[in-house]
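Notes to accompany the following structure.
Position 1 is the first residue of the sequence, and the numbers go up from there.
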Amino acid sequence: NDRSVYSTGLNLSWEADLFGRLRAQRRSAWADVAASREDLRALQLSLTAQTAQLYLELRAAQQRRDLLGRTAEADRESVALIQARAAAGLVSEQQTLLARAQWRASQAVLPPLDDTIRQRIYVLSVLTGQEPGALLDLLASTAPPPVPPAVPAGLPSDLLRRRPDLRAAESRLDSAIALTAEARAQRFPSISLTGSFGRQSSELTGLTLGASRFFSIGPAIRIPLFTGGRVRAQIELQTAKQREAGLRYEQAVLQALQEVFTGLLLFDGRELTVADLDSAGGVQVNGRAERRAPLADGDELAVGRARLRVR
């Protein structure tokens, strides 16, 4: 006859880590955690850089829009002036048509630039976790962004240590090394101590009686004698993965070195460009009075538009 047996209990096991297999597992797990953290930092850094780049592009587009708007306004005033001079017979009708064409051309570039500015604001709103139009009022001002204090670039080695992608690749290499050590430790015996205790009864109500208790405890030894080459294949697999992780780390280092040296080169070049522009601006300010020689009427308008574009 069929009988039902009810049981409840707890099984415990403790393994003596004689050959470092469990320690290798623990090192691999912590290395994976560190790699995940660095991946998160890399993602945050990429998002921050993308947001800063878009913000600078937005401010540059707004300043360009302001400059072109003033240029269009200057061209409109030029048309009014030339029309008045044409009515007095001082200039030809051809000059009036040329001035009107210049004014219309200046106005034609404004709508596409307005669309570009609005698109930049939409993207910035989404990157900050808001609706596309949430930052329209906040970023409508054309004030230039504040200039941050100069930060020294530092040595290439310092820049490399600050890169989260390199730290993540290094952590993955550490994890692969630990997994290889774990695979090699599986060649040796493992000794563990197991125990179990609980209650067992043929009736459900009998589980509450003291007579239904049971327990057992004893050692266990596992020796990998007949595995069919599984352990050796696992060692070869983890060794290949470790070699792959090492190559990926080496590739990441070389790529980072290239980016760092290129960035430092561009940084130094931009500093020299800014210094040259500052010097050129000083020369222009000092020589502005000397350049104000008597000009013809058409030349004055052309020079006025050129100066407005330079600003």
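With sequence neighbours excluded, no residue forms a salt bridge (charged side-chain N to carboxylate O under 4.0 Å, His left out) with Glu77. With sequence neighbours excluded, no residue forms a ring-ring contact (aromatic ring centres under 6.0 Å, His included) with Phe261.
Contact detail for Ala72 and Leu110: the closest heavy-atom pair is CB-CD1, 4.4 Å. In plain terms, the two heavy atoms of Ala99 and Ile82 that are nearest each other are CB-CD1, 3.5 Å. Heavy-atom minimum distance, Ala183 versus Gln238: CB-CG, 3.9 Å. Residues Asp75 and Trp103 share a closest heavy-atom pair of CB-CA, 3.7 Å. Of all the heavy atoms in Ile221 and Ile223, the pair that sits closest is CG2-CG1, 3.9 Å. Closest approach of Asp39 and Ala168 over heavy atoms only: OD1-CB, 3.5 Å.
Of the inter-residue distances, the one linking Thr48 atom OG1 with Gln53 atom CD reads 13.0 Å to the nearest 0.5 angstrom. Interatomic distance, Leu12 CG to Phe197 CZ, rounded to the nearest 0.5 Å: 6.0 Å. Here CG of Leu179 is found 9.0 Å from CD of Gln234. Values are rounded to the nearest 0.5 Å. Rounding to the nearest 0.5 Å places CD of Gln102 at 8.5 Å from OG of Ser78.
Between Thr128 and Gln130, the side chains place a donor N or O and an acceptor N or O closer than 3.5 Å (distance only, hydrogens not considered). For the residue pair Thr239/Thr180, the side-chain donor-acceptor check at 3.5 Å is not satisfied. Of the N and O atoms on the side chains of Ser216 and Ser196, at least one donor lies less than 3.5 Å from an acceptor on the other residue.
A salt bridge links Glu38 with Arg41: at least one charged nitrogen is closer than 4.0 Å to a carboxylate oxygen. Ionic pairing of Asp32 and Arg37 is not present here: no N-O contact between side-chain nitrogen and carboxylate oxygen is shorter than 4.0 angstrom.
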Exercise. Would Thr96 and Arg100 satisfy side-chain contact (heavy atoms from CB on, under 4.5 Å), going step by step from the backbone distance to the final call?
Worked result: CA-CA 6 Å; Thr96 303; Arg100 188 178 290 110; 3.8 Å; yes
For this session: Could you please spell out the steps behind the salt bridge (Lys or Arg N to Asp or Glu O under 4.0 Å) verdict for Glu73 and Arg70?
Result: CA-CA 5 Å; Glu73 180 64 21; Arg70 287 184 289 154; over 6 Å; no
Exercise. What's the verdict on salt bridge (Lys or Arg N to Asp or Glu O under 4.0 Å) for Arg167 and Glu170, showing C-alpha distance, side-chain angles and the deciding distance?
Worked result: CA-CA 5 Å; Arg167 294 197 295 265; Glu170 184 178 2; over 6 Å; no
Exercise. Can Asp174 and Trp30 be said to form a side-chain contact (heavy atoms from CB on, under 4.5 Å), step by step?
Worked result: CA-CA 9 Å; Asp174 293 339; Trp30 281 114; over 6 Å; no
Residues 15-24 side chain polar contacts: donor-acceptor under 3.5 Å, at least two apart:
unit_1, atom_1, unit_2, atom_2, d
Glu15, OE1, Arg21, NH2, 2.8
Glu15, OE2, Arg21, NH2, 2.7
Asp17, OD1, Gly20, N, 3.1
Asp17, OD1, Arg21, N, 2.9
Asp17, OD1, Leu22, N, 3.2
Asp17, OD2, Arg23, N, 3.0
Arg23, NH1, Asp17, O, 3.4

Which pairs would a plain distance check flag for residues 243-254, meaning a side-chain donor or acceptor within less than 3.5 Å of a matching protein atom at least two apart in sequence or in another chain?
unit_1, atom_1, unit_2, atom_2, d
Glu244, OE2, Arg248, NE, 3.3
Glu244, OE2, Arg248, NH2, 3.1

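Heavy atoms of other residues, nucleotides or ligands lying less than 6.0 angstrom from CZ of Arg27 number more than 12.
Residues Arg163 and Glu259 form a side-chain contact, since some pair of their non-hydrogen atoms from C-beta on lies under 4.5 Å apart. Using a 4.5 Å heavy-atom threshold, the side chains of Trp14 and Thr194 count as separate. In this structure, Ile191 and Pro219 have side chains that are not in contact, with every pair of non-hydrogen atoms separated by 4.5 Å or more. Annotation: side chain of Ser13 is not in contact with side chain of Leu193 (no heavy-atom distance under 4.5 Å).
The backbone N or O of Arg184 lies less than 3.5 Å from a partner atom in the side chain of Arg187, making a donor-acceptor pair. Panel note: side chain Ser175, backbone Ser171; no donor-acceptor pair is recorded below 3.5 Å. Side-chain N or O atoms of Thr71 include one that pairs as donor or acceptor with a backbone N or O of Leu67 at under 3.5 Å.
In the hydrophobic clustering of this structure, Leu98 does not group with Val79; members are Ile, Leu, Val, Met, Phe, Trp, Tyr whose side-chain heavy atoms approach within less than 4.5 Å, directly or through other members. Taking hydrophobic clusters as Ile, Leu, Val, Met, Phe, Trp and Tyr residues chained together by side-chain heavy-atom distances below 4.5 Å, Ile121 shares a cluster with Leu47. The cluster map of Ile, Leu, Val, Met, Phe, Trp and Tyr, joined by side-chain heavy atoms under 4.5 Å apart, puts Val123 and Leu138 in the same cluster. By the rule that hydrophobic residues join a cluster once side-chain heavy atoms approach within less than 4.5 Å of another member, Leu173 and Ile235 end up as members of separate clusters. There is a path of hydrophobic side-chain contacts, each under 4.5 Å, that joins Leu124 to Leu136.
Residue pairs meeting the ring-ring contact (aromatic ring centres under 6.0 Å, His included) criterion with at least one partner in residues 61-81, sequence neighbours excluded, are absent. Within the structure, every pair that satisfies the salt bridge (Lys or Arg N to Asp or Glu O under 4.0 Å) test and touches residues 114-126, not counting sequence neighbours, is listed here: Glu57-Arg120, Arg65-Asp114.
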